[in-house]
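Within every chain, numbering begins at 1; the chains are lettered A, B, ... in the order of the sequence lines, protein sequences first and strands thereafter.
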Amino acid sequence: MPELPDVEEYRRFFARHAAGRSVRRVVVPDATIVRNATPRALDRALRGRTFEEPDRHGKWLVAWTDGPALLLHFGMTGDLVWSAIEPERHRHDRVILELDGGDELRYRNMRKLGGAWLAHDPDEAVAAMGSLGPDALAVKRREFHERLSRRRGQAKAVLMDQRFMAGLGNLLVDELLWQTRIHPRRRVETLDDTERDRLYETMRWILRRWVAGYGRVPRRGEWLIAVRDAGGPCPRCGGPLARITAAGRTTWLCPTCQPDPAP
DNA sequence: TCGCTTGTTGATGG
DNA sequence: GCCATCAACAAGCG
């Protein structure tokens, strides 16, 4: 369930269970999930190391040890599982961290989009994550506006681009555009100052609410994302929602609240 | 069988 | 170089 709030929840989950604990062994049933090392190299690098408090940047989880780091990206179907909660291993558990005391933290990923990377130092970690923009939850107003001013094109595509802001995904961008009443195909260069600032404020508000209140993308309440799958009406105006494709992704919007820039 | 899916990357074309 | 589109990755569901 990987949007920024989901990965932040994974980060806390990882910290709660694995921080301060040492690695007894790393088991990788499917070698292809580790993208830049062999299972043997990953095991050798992490075995005997102790996990520290993990970091998150956008949708990336960076789990540092007192030596190298394990980087996890959750794709569309990634998850973390703790053995005390779920004792049996699952066929989609791709990386299994056996920790001191016998507990296991497992990286599960059905579709194998995303994966695991090994980084020996911060430079390698940055290289593995690619060119990411600032974390969407940490970015300052001034930098947001500065970066937005350098972009052209459809709002949906710009906001989804991890090089612009790291952490905004398909669901969250639909929510953000609906909250700010901006059509997904609206070109960002046509946004006025009020709209730009509303984008920043609303992005922060949604992220904080979803991180603090849900720890994930919400499924209930007066959110666009909570009603769209049920085919429900717009929570704001009561009109029917519309489904289009924008930036190559399924996109939900309210045609009344978010007028089409080019009817 | 086909279409669809909360993500990302690389090729292609304008 | 920037932007738009699409295929590919992979696996499950209806």
Using a 4.0 Å heavy-atom cut-off to protein, can you give one letter per nucleotide of nucleotides 9-14 of chain B, 5' to 3': B if the base is in contact, S if only the sugar-phosphate is, - if neither? ------

Starting at the 5' end of nucleotides 9-14 of chain C, put B wherever the base has a protein heavy atom under 4.0 Å, S where only the sugar-phosphate does, and a dash everywhere else. BBBS--

Using a 3.5 Å cut-off and no angle test, enumerate the donor-acceptor pairs between side-chain atoms of residues 110-120 of chain A and protein atoms at least two apart in sequence or in another chain.
unit_1, atom_1, unit_2, atom_2, d
A:K112, NZ, A:D30, OD2, 2.4
A:K112, NZ, A:T32, OG1, 2.9
A:H120, ND1, A:E124, OE1, 3.1

Donor-acceptor pairs are to be reported for all side-chain atoms of residues 241-257 of chain A against protein atoms at under 3.5 Å, with residues two or more places apart or in another chain.
unit_1, atom_1, unit_2, atom_2, d
A:T251, OG1, A:K156, NZ, 3.1
A:T251, OG1, A:R249, O, 3.0

Using atom types as modelled, flag every donor-acceptor pair under 3.5 Å from a side chain in residues 133-140 of chain A to any protein atom, sequence neighbours excluded.
unit_1, atom_1, unit_2, atom_2, d
A:D135, OD1, A:R56, NH1, 2.6
A:D135, OD1, A:G58, N, 2.7
A:D135, OD2, A:R56, NH2, 3.3
A:D135, OD2, A:L137, N, 3.0
A:D135, OD2, A:A138, N, 3.4

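By the side-chain hydrogen bond (donor to acceptor under 3.5 Å, both in side chains) test, A:E222 pairs with no residue at all, sequence neighbours left out. The salt bridge (Lys or Arg N to Asp or Glu O under 4.0 Å) test applied to A:R163 returns A:D161, not counting sequence neighbours. By the salt bridge (Lys or Arg N to Asp or Glu O under 4.0 Å) test, A:R47 is found to be paired with A:D43, residues two or more places apart in sequence or in another chain being considered. Every residue meeting the side-chain hydrogen bond (donor to acceptor under 3.5 Å, both in side chains) condition with A:E189, not counting sequence neighbours, appears here in chain and number order: A:R187.
For DNA chain B, none of the residues of residues 181-189 of chain A falls under the heavy-atom distance limit of 4.0 Å.
Across all strands shown, A:G169 has heavy atoms under 4.0 Å from sugar-phosphate atoms exclusively, and none from any base. Counting any heavy atom pair closer than 4.0 Å across all strands shown, A:R243 reaches sugar-phosphate atoms only and no base atom. At a threshold of 4.0 angstrom between heavy atoms, the contacts of A:G114 with the nucleic acid are absent. Contact annotation for A:R249: base contact, defined as any heavy-atom pair under 4.0 Å involving a base atom.
Comparing the same atom, P, in B:dT6 and in C:dC3 gives a spacing of 24 Å after rounding to whole Å.
The phosphate of B:dT6 has OP1 or OP2 within less than 4.0 Å of a side-chain N or O from A:R228. Look at A:K156 and you won't find any side-chain N or O under 4.0 angstrom from OP1 or OP2 of C:dA4.
For the pair A:L148 CG and C:dC3 C1', the computed distance is 16 Å after rounding to whole Å.
For the side chain to side chain donor-acceptor pair (under 3.5 Å) condition, no pair includes a residue of residues 60-72 of chain A, sequence neighbours left out.
A 6.0 Å sphere centred on CZ of A:R35 holds more than 12 heavy atoms belonging to other residues, nucleotides or ligands.
Residues A:D197 and A:H145 bring a donor and an acceptor atom of their side chains to less than 3.5 Å of each other.
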Reading DNA chain C 5' to 3', how would its secondary structure be written in dot-bracket notation, given Watson-Crick and G-U pairs with both distances under 3.5 Å, brackets [ ] for crossing pairs and | for partners on other strands? .||||||||.||||

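Comparing B:dT5, B:dT6, C:dT5 by their closest approach to the side chain of A:L171 singles out B:dT6.
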